[in-house]
Amino acid sequence: MALEQLLILIKPDGVKKSLTGNILTKLSEARMVIIGAKAVKVSAELAQKHYFQLKDKPFFAELSDYIQGKIYGEPWDRVLAFVYQGEDAIARMRKIAGATNPEEADPVSIRGAYGRITTKGVYENVVHCSSDVKEAEREIKLWFKPDELVKEIYPTKKVKEIKEDRVWA
Ligand code: UDP
Ligand code: MG
């Protein structure tokens, strides 16, 4: 058994279908803890970085639009991002999420219960779930800054940055 962490995203279709509560309830069956959580408007750059391994696939442009929520528009063009931690978290959470193709996913998994395939062939499968330890580390570092997590999970360093910051007026 290994203590692992992973990135979970409730994708824009999950947000639009008002599934946030159902998804978090299903995930909570695994008794993992949330160590980071936020709502994110996904930029084209973040979408492409997140799915860079799939950049040569014929559906890459549609996938990038999907994770940005472009097809839904305001107020659904966002995702909810979570970092979960627990024993064997990746395999256990992926089991609850279900197979990538919602038609093949276990019907009581999140993707099996709530996913669909669009007429363009994109798997709208409601959640993203990191698939191994290396991918989880890359994705968590892409989506979260160290101070956005309530626990130290990877080494950090201090840098002096001179930049304008936005504060409440
Ligand atoms: N995807 C798709 N068609 C495919 C394969 C993947 O639309 O034939 C989408 C789907 O939304 C999936 C995402 O691309 O969740 C990332 O694919 P990956 O193979 O990494 O599957 P996952 O790790 O999400 O199960
Ligand atoms: Mg994947």
Side-chain angles (χ1 to χ4, degrees), residues 2 4-30 32 34-73 76-144 153-154:
E4 295 172 343
Q5 43 280 326
L6 76 157
L7 178 78
I8 299 259
L9 302 175
I10 300 182
K11 295 178 174 181
D13 52 324
V15 175
K16 181 167 188 185
K17 289 173 172 172
S18 196
L19 290 172
T20 302
N22 304 46
I23 291 167
L24 295 181
T25 300
K26 269 193 186 283
L27 293 173
S28 74
E29 287 165 16
M32 305 284 156
I34 293 170
I35 60 171
K38 61 180 175 179
V40 183
K41 276 234 185 195
V42 181
S43 65
E45 191 192 347
L46 177 57
Q48 281 155 25
K49 281 186 177 163
H50 178 71
Y51 281 132
F52 87 102
Q53 285 144 318
L54 300 169
K55 67 179 188 308
D56 297 326
K57 298 279 184 196
F59 56 83
F60 183 68
E62 264 114 35
L63 179 61
S64 167
D65 284 355
Y66 164 39
I67 198 72
Q68 291 176 72
K70 275 198 180 168
I71 34 182
Y72 308 123
W76 315 115
D77 52 348
R78 63 211 57 196
V79 306
L80 299 175
F82 300 91
V83 177
Y84 276 86
Q85 187 179 54
E87 293 292 332
D88 293 327
I90 297 173
R92 291 174 62 201
M93 293 303 239
R94 271 190 83 88
K95 188 163 193 305
I96 296 171
T100 306
N101 179 341
E103 280 187 1
E104 288 168 4
D106 180 335
V108 300
S109 67
I110 294 166
R111 288 166 163 183
Y114 304 125
R116 66 160 189 159
I117 302 178
T118 68
T119 45
K120 284 190 172 170
V122 177
Y123 300 166
E124 281 193 347
N125 53 13
V126 181
V127 286
H128 168 79
C129 197
S130 307
S131 60
D132 60 57
V133 171
K134 227 179 125 196
E135 186 181 275
E137 178 173 346
R138 187 190 77 85
E139 291 176 352
I140 291 167
K141 288 178 174 174
L142 177 64
W143 286 81
F144 285 84
I153 52 172
Y154 306 122

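Both counts, for ligands and for their atoms, begin at 1 and track the order of listing.
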Are any non-hydrogen side-chain atoms of [X] and [Y] less than 4.5 angstrom apart?
{"X": "Met93", "Y": "Glu4", "result": "no"}
{"X": "Trp143", "Y": "His128", "result": "no"}
{"X": "Arg94", "Y": "Thr100", "result": "yes"}

### Message
Is the terminal nitrogen or CZ of Lys17 (NZ for Lys, CZ for Arg) located under 6.0 angstrom from the six-membered ring centre of Tyr114 and within 45° of that ring's axis?
### Response
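Checked: cation-pi criterion not met.
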Show me the donor-acceptor pairs, under 3.5 Å and distance only, between side chains in residues 65-73 and residues at least two apart or in other chains.
residue, atom, partner, partner atom, Å
Tyr66, OH, Asp13, OD1, 2.7
Tyr66, OH, Asp13, OD2, 3.2
Tyr66, OH, Asn125, N, 3.1
Tyr66, OH, Val126, N, 3.4
Gln68, OE1, Ala44, N, 3.4
Gln68, NE2, Ser64, O, 3.1
Gln68, NE2, Ser64, OG, 3.2
Tyr72, OH, Glu124, OE1, 3.2
Tyr72, OH, Glu124, OE2, 2.5

### Query
Using a threshold of 4.0 angstrom between heavy atoms of the protein and any atom of ligand 1, which residues qualify?
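These residues qualify: Lys11, Tyr51, Leu54, Phe59, Leu63, Tyr66, Arg94, Thr100, Arg111, Val122, Tyr123, Asn125.
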### Query
side chain to side chain contact (heavy atoms under 4.5 Å, CB included) between Leu19 and Ile110: does it pass, once the steps are laid out?
CA-CA 10 Å; Leu19 290 172; Ile110 294 166; over 6 Å; no
